[in-house]
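Since the structure comes first, as structure tokens, the remarks are kept for the end.
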Amino acid sequence: MDSNIGSECSKNVTEATQFGCALTLLDADFFNDSQVLEITKGVKEFNIPIIRANRKLVASVNGGLDNPSPLVFNPEWSKEQSQGKTSRFNHPSASGIQRPNNEEDIAFMSVLELGELIKNKQITSEELTEIFLKRLRRYSPVLESVVTYTEDLAYQQAKEADKLLSKGVYLGPLHGIPYGLKDIISVPQYKTTWGSTTFKNQVLDIEAWVYKRLKSAGAVLVAKLVTGSLAYDDIWFGGRTRNPWNIEEFSTGSSAGPAACTSAGMVPFAIGSETAGSITYPAARCGVTALRPTFGSVGRTGVMSLSESLDKLGPFCRYAADCAVILDSIRGKDPDDSSSRDIPFGDPFSVDITKLTVGYLEDADMEVVHVLESKGVKVVPFKLNYTVDSVQGILNFTMDVDMLAHFDEWQRSGKDNNYEAQDQWPVELRRARAVSAVDYMQAQRARGKLIQEVKKNFNVDAFIGNATDWERVCMGNLVGLPVIVVPTGFKSIPNPPPTGTRRRTTVNTGIYAPPNHDHIALALAMAYQSATNHHKQRPPIDELGPNDTIPNPPTVSIPPRLLHL
């Protein structure tokens, strides 16, 4: 009897010590031994059965496509809620456009210009589809930017677009226009690989909301484009996506394929996504115009989820006006995405920019400031102040815990051991196991404080600043701010070959607006691009300079803590 008591005491002491060590990792080492034993007993008898039951119920499938959380983030700053559906934008007509003789010139036309060619029957959608599929097949082996060609579907949709037009039915500016989707967006009968070895043969019988919207607008899907593996940076199971402006560097950010393909004239536009930098970073690196819209603008049904309160879909284009047209086609309430809304955007094509006050940060591109000022915009020095000093940590907690909830089975089954970059998601998601529910909720409360402070200090109509400052990327995504990335020029690459090179490093800036004011950022970007031509430049993927050979895919190491969805 005494021996049994002693053995039980020894077991209790060991258990208390072990669980006490675990509590230390959660910054909760303030319990005494008897309290630790009490907690251990409660966890075994109460917590674990509930945890296992919930996991069996909702966490046996990866990717977050089923059983979304009812906890909805709303970045709305106004207490007034919009009623009903909002009206569409008044798209301008690119009148007087003539079809170029050269296919290269056609490939670099704007969406609005291509739409005018189709509308006036100077080119068919089927012809246009053939041009872009040829370019995709020609350049993807160099840029490693395409996962799946949707050629049969593309020709089917193109023929339907041409047939409708022959009957006098015109669906709008995207009628017959080819495009690409980031490969976290599902399309029935085609692979949706999420860029990962684990899921590279996955076919989802789900028609993503954004795909439905584009299909109803008459757009033609030509390819599923590279996403970094599970929407992390630019490494995927087939390699690593390159920057068309400098093929010896990489595109960065998980919307790697949409950025690279749009930059290289392989598609007129593409849809990417961002949780924390994966629209802004690859757009900046590849020299394209891209919009990260207000959170909730675009429905996410059928899209792999990292964080339901951070994930956003947005367009990659070469022109800001095209971003406006595409946003108009894909925005609106998705009945299966509780965070999506009919947001009351104004019409970006009718904004009187002379009535706007625009701030500029210390790292703003001053050419943008001066051009807008010359067009009558009031520009003022600006600094966005807030006291929350853990912004990057709040985003990490939010994204990593949410991601782990969506990929719990993936980690538990050891599939993370086969992940393409072991210093990325595997490390982050193992660490996320040690974030307690209480600390996750405290991070959300701190996020709420950040939102209120940013709202209080956002005393201009928009502001201009670096689009890839990591603190600002985290802040903007946590608050739900829209930003449009615009190319503003080029500079020499580091250590160019002595005999010269056409490779360039792209220069860019971001134009930020308050939530639900995407039209302001778009209007300012359009005004800037009406006076400049940086966004019209073509990368040197055909005509490389001396010593500019196409490199073999190298073995590379990834800097810690890069970019997500």
Salt bridge check, R300 against E308: does any charged N sit closer than 4.0 Å to a carboxylate O? no

Going from OG on S307 to CG on L404, what distance comes out if it is rounded to the nearest 0.5 angstrom? 12.5 Å

Any donor-acceptor pair under 3.5 Å linking the side-chain atoms of T192 with those of K224? yes

Check ion pair K415-E409 (N to O, under 4.0 angstrom): yes

Looking only at heavy atoms, the pair that brings W194 and N62 closest together is CH2-O, 3.4 Å

With sequence neighbours excluded, tell me which residues meet side-chain contact (heavy atoms from CB on, under 4.5 Å) with P75. F73, T294, F295, R341, P515

Of P282, S145, P244, which meets side-chain contact (heavy atoms from CB on, under 4.5 Å) against S263? P244

Side chains of D337 and T301: is there a donor and an acceptor less than 3.5 Å apart? no

Expected list for residues 432-439: side-chain donor-acceptor pairs under 3.5 angstrom, two or more places apart:
| from | atom 1 | to | atom 2 | distance (Å) |
| --- | --- | --- | --- | --- |
| R433 | NE | Q411 | OE1 | 2.6 |
| R433 | NH1 | D408 | OD1 | 3.3 |
| R433 | NH2 | D408 | OD1 | 2.2 |
| R433 | NH2 | Q411 | OE1 | 3.1 |
| S436 | OG | D439 | N | 3.1 |
| S436 | OG | D439 | OD2 | 2.8 |

Give a yes/no verdict on a cation-pi contact between R285 and F250, requiring under 6.0 Å between NZ or CZ and the six-membered ring centre and an angle within 45° of the axis. no

Sequence neighbours excluded, which residues qualify as side-chain contact (heavy atoms from CB on, under 4.5 Å) partners of N508? A284, A467, V485

Under 3.5 Å, is there a donor on one side chain and an acceptor on the other for D311 and S305? yes

Can the positive tip of R88 be found less than 6.0 Å from the middle of the six-membered ring of F345, inside 45° of the ring normal? no

Determine whether the aromatic ring centres of F458 and W77 lie less than 6.0 Å apart. yes

In this structure, are over 12 heavy atoms from other groups packed under 6.0 Å from F89 atom CZ? yes

Checking F316 now: which residues fulfil ring-ring contact (aromatic ring centres under 6.0 Å, His included) with it, not counting sequence neighbours? none

Roughly how far, to the nearest 0.5 Å, is CD1 of I235 from CD of E144? 10.5 Å

Could you walk me through whether R213 and D334 pass the salt bridge (Lys or Arg N to Asp or Glu O under 4.0 Å) test, one step at a time? CA-CA 10 Å; R213 297 293 295 163; D334 172 357; over 6 Å; no

4.5 Å side-chain heavy-atom contact, L291 and L327: yes

Using the salt bridge (charged side-chain N to carboxylate O under 4.0 Å, His left out) criterion, which residues pair with E160? Sequence neighbours excluded. none

Between G180 and V267, the two heavy atoms sitting closest are N-CG1, 4.0 Å

With sequence neighbours left out, the residues meeting side-chain contact (heavy atoms from CB on, under 4.5 Å) with T197 are F237, E420

With a 4.5 Å heavy-atom cut-off, do F199 and K191 have their side chains touching? no

Consider only side-chain N and O atoms of Y281 and E274, and report whether a donor and an acceptor are under 3.5 Å apart. no

Return yes if a side-chain donor-acceptor contact under 3.5 Å exists between Y440 and D400, otherwise no. no

CG of D205: more than 12 outside heavy atoms within 6.0 angstrom? no

Any side-chain donor paired with an acceptor under 3.5 Å for Q444 and T398? yes

